[in-house]
A.B. asks: 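Quick one: the structure is below, and I'll ask about it shortly.
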Amino acid sequence: MTKFIIITGGVLSGLGKGVVTSSLGKLLKARGFSVTSIKIDPYLNCDAGTMNPFEHGEVFVLKDGTEVDLDLGNYERFLDTDLIGKDNITTGKVYRTVIEKERAGDYLGKTVQIIPHITDEINRRIWEVAEETEVDIVLIELGGTVGDIESMPFLEAVRQLHMDVGEEENNALFIHTTLVPVLDVVGEQKTKPTQHSVKALREIGIEPDVVVGRSKNKLEESTKKKISLFCDVPEKAVISSPNAKSIYRVPLILQKEGLTECVMEGLNLSEVLEQKEDLSVEKVHRMDEWKGFLERFENPTSKIDIALVGKYCDLEDAYVSHEQALNHCRAKTKTKINIKYLESEDLEGKDCSEKHLGDVDGLLIPGGFGDRGVEGKIDALNYARKNDLPTLAICLGFQLSVVEFARNVLGYDEAHSYEFDEKTPDPVIHLLPMQRGIDQMGGTMRLGAEEIEIKEGTKVHEIYGSTEINERHRHRYEVNLDYKDELESHGMVFSAQSPNGKRMEMLELEDHPFFIGCQFHPEFQSRPMKPAPLFLEFVNSMLEQDDGESG
Ligand code: GLN
């Protein structure tokens, strides 16, 4: 029997509910349970693919090509697992199914309503994940805040789920994450917002079993007592989650606060453990490895500076997977990696690149869409190519490396990507053939993990140590094969391609210490204990250069 943990949020959005969920998943996995997680996003979009990173942060891509909220990236990284599209439920997906069924006549004669039709569809999707994965525990994080109109059908659905799986049998547990603010004037931790949001939950029939109080500092004993009394949860089920130095500390903080015990007790999980055969200590993945990771992460012995030239730099969440991939490298190499976020528009113009990139150790160009700032990225790539600056250029970055090379090495002054200039005489980057005739925007790019073949003897062959890899994609344009031979004859090596040889997947420059571009997104598959190979070698190449200079 699958058990469910439902995590809701109160008072404010952006409390780090996703990190609490991922951390709890990590702790439960470390105890030997199989775990998966579902993220519910109450917005009407079917998926996150059509949302602007400025508004919503990075769009994460799962291996099956579903474009999702960045929280699922955190789940994958913390749980070291690959999720699929079904693990993300949005209002758009739910309503679309119900409306399609209504049109097909599945509810013939009935009035189709939010309760029971929408709520049933929500629960059908939750059960589908539980049954297909057959895990011990499904974590369900409900996005948004209790009280939001959009969240209502989901709260009602999980209330029913709780009732259906049997209250007495301890098969479902509610965790409510709220904010415990401090008013500067008095310096006292205030519990009223928590009381109000728990009250709102109880009005709809949900009684939280655990309250996680997010606060600047640890919750004081008196604060815990108050929350316990007013919210009707035992004192030991009031968990303090103060601001942490890094998200990687959160699992250990929550463990120390007794969250795992609370959940074990609340769901009767020791019974589940007893039924597990062959659960030897060695088989159980304890937290030691994680602690080792944290120890290396928190005690760097060297330092490098990387310029990330992007378009959404004002919102750090827009590049969260890049940042995390670099964090994984930080722990592996014990190197403090300082990311200098640069708006690509600021690099447009004479000598701008020199000014901004003159003092960094490496250049990272992430993916992107739209023509704003494109010339700044091209200038930055030009500077990095000529000045031996280690460079990792991802997706749009990869495409613009080809544009830069075509303009400045092949001498095609007006070369461009068809995405930005449909009239260019040299469209070195053009539309993917399968994209022709597609006019719908949602979920129509080349998306998800695909096989890639690496050429032997290339730098990336050495990096990956394999000729066959699998990486995730998200793009509409690609290298125009008409220019391939000419680019290659001038020193640009296409070191990886699709198995049919039609899609160029990676490039590297001969005569450069580290200049690698990739059409796919290596950042999506980076994990704390397994940094993405391209990121890791990018970092290593900077460290080598540093050594060379100081030595
Ligand atoms: N805009 C480019 C394309 O669609 C690059 C996409 C990306 O960087 N993710 O091909």
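Read the numbers this way: they start at 1 and go in the same order the structure lists the ligands and their atoms. Values in this document were obtained by computation on a predicted structure and should not be read as measured data.
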A.B. asks: Excluding sequence neighbours, so at least two apart, what forms ring pair (Phe, Tyr, Trp, His ring centres under 6.0 Å) with Phe405?
C.D. replies: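 None.
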
A.B. asks: Taking non-hydrogen atoms within less than 4.0 Å of ligand 1, which protein residues qualify?
C.D. replies: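 The 4.0 Å shell around ligand 1 contains Gly367, Gly368, Phe369, Cys395, Leu396, Gln399, Glu419, Arg474, His475, Arg476, Tyr477, His521.
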
A.B. asks: Does some side-chain heavy atom of Glu76 sit less than 4.5 Å from a side-chain heavy atom of Arg527?
C.D. replies: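 Side-chain contact under 4.5 Å: yes.
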
A.B. asks: Is any side-chain heavy atom of Pro42 closer than 4.5 Å to a side-chain heavy atom of Asp148?
C.D. replies: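 SC-SC contact between Pro42 and Asp148 ruled out.
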
A.B. asks: Would a distance-only check, ignoring hydrogens and angles, find a side-chain to backbone donor-acceptor pair under 3.5 Å from Ser34 to Val135?
C.D. replies: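 Judged by distance alone, no pair lies under 3.5 Å.
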
A.B. asks: Let me have the donor-acceptor pairs involving side chains of residues 428-436, under 3.5 Å, with sequence neighbours excluded, atom names and distances please.
C.D. replies:
{"unit_1": "Gln435", "atom_1": "OE1", "unit_2": "Arg476", "atom_2": "NE", "d": "3.3"}
{"unit_1": "Gln435", "atom_1": "NE2", "unit_2": "Thr444", "atom_2": "O", "d": "2.8"}
{"unit_1": "Arg436", "atom_1": "NH2", "unit_2": "Leu431", "atom_2": "O", "d": "3.3"}

A.B. asks: Go through the structure and list residues passing ring pair (Phe, Tyr, Trp, His ring centres under 6.0 Å) with Phe420, not counting sequence neighbours.
C.D. replies: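 Applying ring pair (Phe, Tyr, Trp, His ring centres under 6.0 Å) to Phe420 gives His416.
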
